[in-house]
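For reference, the structure discussed in these notes is given below.
Values reported hereafter were calculated over all heavy atoms of this structure, with side chains retained and with hydrogens, waters and symmetry mates removed. The model shown is predicted, which means the values in this text are computed figures rather than measured ones.
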Amino acid sequence: MFAPLQASANSGGGSASASAGAATTPLEPFIVNLSTYDRYLQVAITLQLAKPELADKIKQNMPVVRHNLIMLLSSKDSAAIQSANGKHDLIEEIKDKINKVLDVKERDGVTDVYFVNFVIQ
C-alpha cells in the first residue's frame with residue numbers, strides 16, 4: 001500500500017557513511033499509536049553520531065532510548081508530524097531526548113536524525 005523510503009545502500013550496518021563520513025547507527029523500527037489513537041506511526045530511524053564509540057553507549061542504554069522515543073512519538077498528533085516543518089521539529093526533539101539519555105551535548109552526541117521509513121496510517 002505504501003512504499004517505504006529507502007536509505008543509502010549502507011543503512012543496514014552499525015556504522016555507515018551519511019554526512020561527510022560521520023558515523024551512523026540504525027535503531028530498530030518503531031510502531032506507535034499516535035495521540036488521537038485513530039492513527040499509528042511506523043518509523044525507522046538512523047542516528048548520525050559525533051563519535052563512532054557512541055554507538056556502543058546507545059546500545060547499552062537502548063531500553064531507556066526506546067522508552068523515551070516511544071513516549072515522544074506516541075504523544076504526537078498525525079497532523080503535526082505530516083508537514084516538513086513538523087518532521088524537522090520531531091528530529092530536534094529526538095536528538096534532544098537521546099542526547100539527554102547519553103548525558104552529552106549535541107555536538108558530542110547525536111548530531112542528526114534520518115528517517116529511513118515514515119508511514120502514518
Side-chain angles (χ1 to χ4, degrees):
M1 186 168 201
F2 290 100
L5 298 174
Q6 296 300 316
S8 64
N10 203 6
S11 66
S15 182
S17 181
S19 175
T24 61
T25 190
L27 300 180
E28 291 291 321
F30 293 85
I31 300 174
V32 298
N33 289 317
L34 294 172
S35 64
T36 56
Y37 297 110
D38 63 341
R39 295 191 178 262
Y40 70 88
L41 171 66
Q42 176 184 346
V43 63
I45 297 170
T46 295
L47 306 174
Q48 181 175 308
L49 310 173
K51 302 172 193 168
E53 57 270 15
L54 282 173
D56 289 333
K57 193 170 183 180
I58 290 170
K59 286 179 189 172
Q60 291 171 350
N61 291 286
M62 191 56 71
V64 179
V65 168
R66 286 193 63 85
H67 169 77
N68 281 306
L69 293 184
I70 288 169
M71 297 302 288
L72 172 66
L73 296 170
S74 64
S75 73
K76 298 299 177 184
D77 180 77
S78 62
I81 58 175
Q82 285 180 337
S83 70
N85 286 339
K87 287 179 183 73
H88 178 72
D89 292 345
L90 183 57
I91 286 170
E92 295 302 317
E93 290 179 84
I94 290 170
K95 286 192 300 188
D96 184 55
K97 290 281 187 194
I98 297 174
N99 286 332
K100 282 183 180 174
V101 169
L102 301 175
D103 195 28
V104 294
K105 296 184 180 184
E106 181 177 335
R107 69 177 187 274
D108 298 324
V110 175
T111 57
D112 210 347
V113 173
Y114 302 107
F115 293 126
V116 181
N117 187 20
F118 196 98
V119 177
I120 298 172
Q121 281 189 322

Quick one, [X] and [Y] - any side-chain contact, counting heavy atoms below 4.5 Å?
| X | Y | result |
| --- | --- | --- |
| Y40 | I120 | no |
| K95 | E106 | yes |
| V110 | L49 | yes |
| V113 | L47 | yes |

task: Please say whether more than 12 non-hydrogen atoms of neighbouring residues, nucleotides or ligands are located less than 6.0 Å from NZ in K97.
output: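 No, NZ of K97 has 12 or fewer neighbouring heavy atoms, counting only those of other groups under 6.0 Å.
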
Is it the case that more than 12 heavy atoms not belonging to E53 sit under 6.0 Å from its CD atom?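 Buried by this count: over 12 neighbours within 6.0 Å.
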
Look up atom [atom1] in [X] and atom [atom2] in [Y], then write down how far apart they are to the nearest 0.5 Å.
| X | Y | atom1 | atom2 | answer |
| --- | --- | --- | --- | --- |
| L34 | Q121 | CG | CD | 11.0 Å |
| L73 | I45 | CG | CD1 | 5.5 Å |
| L69 | M62 | CG | CE | 9.0 Å |
| L27 | K59 | CG | NZ | 11.0 Å |

side-chain contact (heavy atoms from CB on, under 4.5 Å) test vs K100 passes for just one of V104, I98, D96, D103, namely D96

Is K57 reaching over with its side chain to a backbone N or O of L102, donor-acceptor style, under 3.5 angstrom?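 The answer is yes, because a donor-acceptor pair under 3.5 Å joins these two groups.
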
In short, salt bridge (charged side-chain N to carboxylate O under 4.0 Å, His left out) pairs touching residues 108-121 with sequence neighbours left out are none

Would you kindly confirm whether M71 and V65 end up in one hydrophobic cluster when ILVMFWY residues are joined by side chain heavy atoms under 4.5 Å apart? no

| task | Check the hydrophobic clustering (I, L, V, M, F, W, Y; side-chain heavy atoms under 4.5 Å; chains of links allowed) and say if I31 and L41 are grouped together. | result | no

Identify the two heavy atoms, one from [X] and one from [Y], that lie closest to each other, and give their separation to 0.1 Å.
| X | Y | result |
| --- | --- | --- |
| F30 | I70 | CD2-CG1, 3.8 Å |
| L90 | F115 | CD2-CZ, 3.9 Å |
| A23 | K51 | CB-C, 4.5 Å |

Quiz item: How would you list all residue pairs meeting side chain to side chain donor-acceptor pair (under 3.5 Å) that involve residues 66-76, not counting sequence neighbours?
Solution: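 Listed by first then second residue: K76-E93.
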
Taking atom types as modelled, find out whether N85 and S83 have a side-chain donor-acceptor pair closer than 3.5 angstrom.
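The answer is no; no qualifying pair exists.
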
